[in-house]
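Just below is one structure, and these are the notes that go with it.
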Amino acid sequence: MERVVVTIIGPTCSGKTSLSLMLAEELQTEIISADSRQIFKYLSIGTAKPTKEETDKIKHHFIDTLEPDVNYNISKFEIDGLKVIEDLFSKNKIPVVVGGSGLYIKALVDGIINDVETDDEYRAELMKQREEFGNEHIYNILREVDPQSAENMLPQNWKRVIRALEVFHISGKPIWQHHNEQKRDTDIKFLQYGLNWDREILYKNIEKRVDQMVNDGLLAELQNVLEMGFDRSVNALNTVGYKELYDFIDEKITLERAIELIKRDTRRFAKRQFTWFRRDERIKWFDVNSASDLSEIKNSILKDLELKTGL
RNA sequence: ACGUGAGUGGCUCAAUUGGCAGAGCAGCGGUCUCCAAAACCGCAGGUUGGGGGUUCGAAUCCCUCCUCACGUG
């Protein structure tokens, strides 16, 4: 049997979760979430996780698996995710991958550099130097050891600069060389389906959903996590829907303003997701105008699967 | 009706008092190979309410009309 993975992508609030549930039910399989935030426990309302009933019904991987202060990384996700995929294949199931985190999807579909780990100490050192001497300082270091990569980066984008330096530090080779050498042979075939919405309708839905989240207790959810002792600075809490609430908690802005900002940032996020996914020509897009279109899309995908796998 | 104030990009406001009309937000496009819901980059948009005048030069000064706000009737 051909080793096929169904992959559902799209911006936030596009109906990925519903569609994936329908598909998984029909295919009698499990769902692999490729979402950099739903993987954390306690952050449920703000990340629009599937409900407990839904996860009880269909098994989900990478949802609610980590404490918010855990430093997860994409390399781990690639390894863990592929493991689950293999496991499902061995049970004769077609894995369904769902997610809006483009890089997480990429890690599964194409792989990322896998021969260079991280060096937290060195990273911390670079961060310190950056704080002390500025972006230009670390950028200049990169320009010396790896001018070619430096050329394609801006000093302001310090995160990439640091990663490039880290790769060089660990491997002694510039990061672009790893990119060139990287290859992955696998017989797994990822069929990618995207949910495309008219921008205006999607934005309206986003606003509605943010209001719903607030009604459902978004603020209390955040306060609860903070009371548990997790610091605002942890990466999991540097998330749209939560980070905008800090200024309200500090009484710098009104709740109404904070909600406005959440809506704005969610719109911006959706836009960036479109930008990311748009350039991948392997994605087959479906136009969606309302949630009721999803079941038809599910059928199209199943039909496409039949064609491609001969099921 | 009279008085006062205001009118600048879709919105909120700048323009050193007469010297190239700018910014934030919204919008749109892009980058992305270990924090990615992150971190960045860019683009577009204005006959300065209309008309006239003064001036080498007007968003800015003068006249007039329109609109809005507040005050008085």
B/C28 phosphate, OP1 or OP2: any side-chain N/O from A/R267 under 4.0 angstrom? no
Looking at every strand, decide which applies to A/Y203 at a 4.0 Å heavy-atom threshold: base, sugar-phosphate, or nothing. sugar-phosphate
Not counting sequence neighbours, which residues clear ring pair (Phe, Tyr, Trp, His ring centres under 6.0 Å) with A/H169? List them please. A/Y122
Taking the C1' atom of each, how far is B/A44 from B/A23, in whole Å? 15 Å
Partner set under side-chain contact (heavy atoms from CB on, under 4.5 Å) for A/S300, not counting sequence neighbours: A/F286
Span that lies between the P atom of B/U47 and that of B/G5, in whole angstrom: 28 Å
Tell me, please, which residues at least two apart from A/R232 pass salt bridge (Lys or Arg N to Asp or Glu O under 4.0 Å). A/D250
Dot-bracket encoding per residue of RNA chain B, Watson-Crick/G-U cut-off under 3.5 Å, | denoting interstrand: (((((((..((((.....[..)))).(((((.......))))).....(((((..]....)))))))))))).
Applying ring pair (Phe, Tyr, Trp, His ring centres under 6.0 Å), name anything that partners A/H179, two or more places apart in sequence or on another chain. none
Could you tell me whether B/U60 is syn or anti, where syn means a glycosidic angle within 90 degrees of zero? anti
Can a side-chain donor-acceptor contact be found between A/Q223 and A/E227 if the only test is distance below 3.5 angstrom? no
Rounded distance in Å between the P positions of B/C13 and B/U17: 23 Å
What pairs of residues pass the ring pair (Phe, Tyr, Trp, His ring centres under 6.0 Å) test when at least one of them lies in residues 240-274 of chain A, not counting sequence neighbours? none
Donor-acceptor list for residues 32-40 of chain A side chains, cut-off 3.5 Å, not counting sequence neighbours:
| from | atom 1 | to | atom 2 | distance (Å) |
| --- | --- | --- | --- | --- |
| A/D35 | OD1 | A/R37 | N | 2.8 |
| A/D35 | OD1 | A/Q38 | N | 2.9 |
| A/R37 | NH1 | A/N235 | O | 3.3 |
| A/R37 | NH1 | A/N238 | O | 2.9 |
| A/R37 | NH1 | A/T239 | OG1 | 2.9 |
| A/Q38 | NE2 | A/T47 | O | 2.8 |
| A/Q38 | NE2 | A/A48 | O | 3.2 |

Does A/L154 sit in a hydrophobic cluster with other residues, and if so which ones, taking ILVMFWY side chains as linked at heavy-atom separations under 4.5 Å, directly or through other members? none
A/E151 CD to B/C41 C1', straight-line distance once rounded to whole Å: 16 Å
Using the C1' atoms only, state how far B/U48 lies from B/U67, rounded to an integer number of Å. 16 Å
Are a donor atom and an acceptor atom from the side chains of A/E30 and A/H60 found within less than 3.5 Å of each other? no
Side-chain polar contacts of residues 74-81 of chain A - donor-acceptor pairs under 3.5 angstrom, sequence neighbours left out - could you list them?
| from | atom 1 | to | atom 2 | distance (Å) |
| --- | --- | --- | --- | --- |
| A/E78 | OE1 | A/I112 | N | 3.1 |
| A/E78 | OE2 | A/R184 | NH2 | 3.3 |
| A/D80 | OD2 | A/Y72 | OH | 3.1 |

Counting only heavy atoms and a strict 4.0 angstrom limit, can you tell me which residues of residues 254-261 of chain A come near RNA chain B? none
Taking the P atom in each of B/U60 and B/G9, what is the distance between them to the nearest angstrom? 15 Å
Show me the side-chain donor-acceptor pairs of residues 252-261 of chain A shorter than 3.5 Å, one per line, residues at least two apart or across chains.
| from | atom 1 | to | atom 2 | distance (Å) |
| --- | --- | --- | --- | --- |
| A/T254 | OG1 | A/R257 | N | 3.1 |
| A/R257 | NH1 | A/E260 | OE1 | 2.9 |

Between A/W176 and A/N152, a side-chain donor and acceptor under 3.5 Å: no
B/C28 and B/G45: how far apart are their C1' atoms, nearest whole angstrom? 11 Å
Would you kindly give the CZ-to-P distance between A/R268 and B/A38, to the nearest whole Å? 10 Å
If you measure from the P atom in B/U12 to the same atom in B/A69, how many Å do you get, rounded? 14 Å
Nucleic acid footprint by protein, nucleotides 30-37 of chain B - heavy-atom cut-off 4.0 Å, B for base, S for sugar-phosphate alone: BBBBBBBB
Quantified in whole Å, what is the C1' atom distance between nucleotide B/G18 and nucleotide B/G57? 8 Å
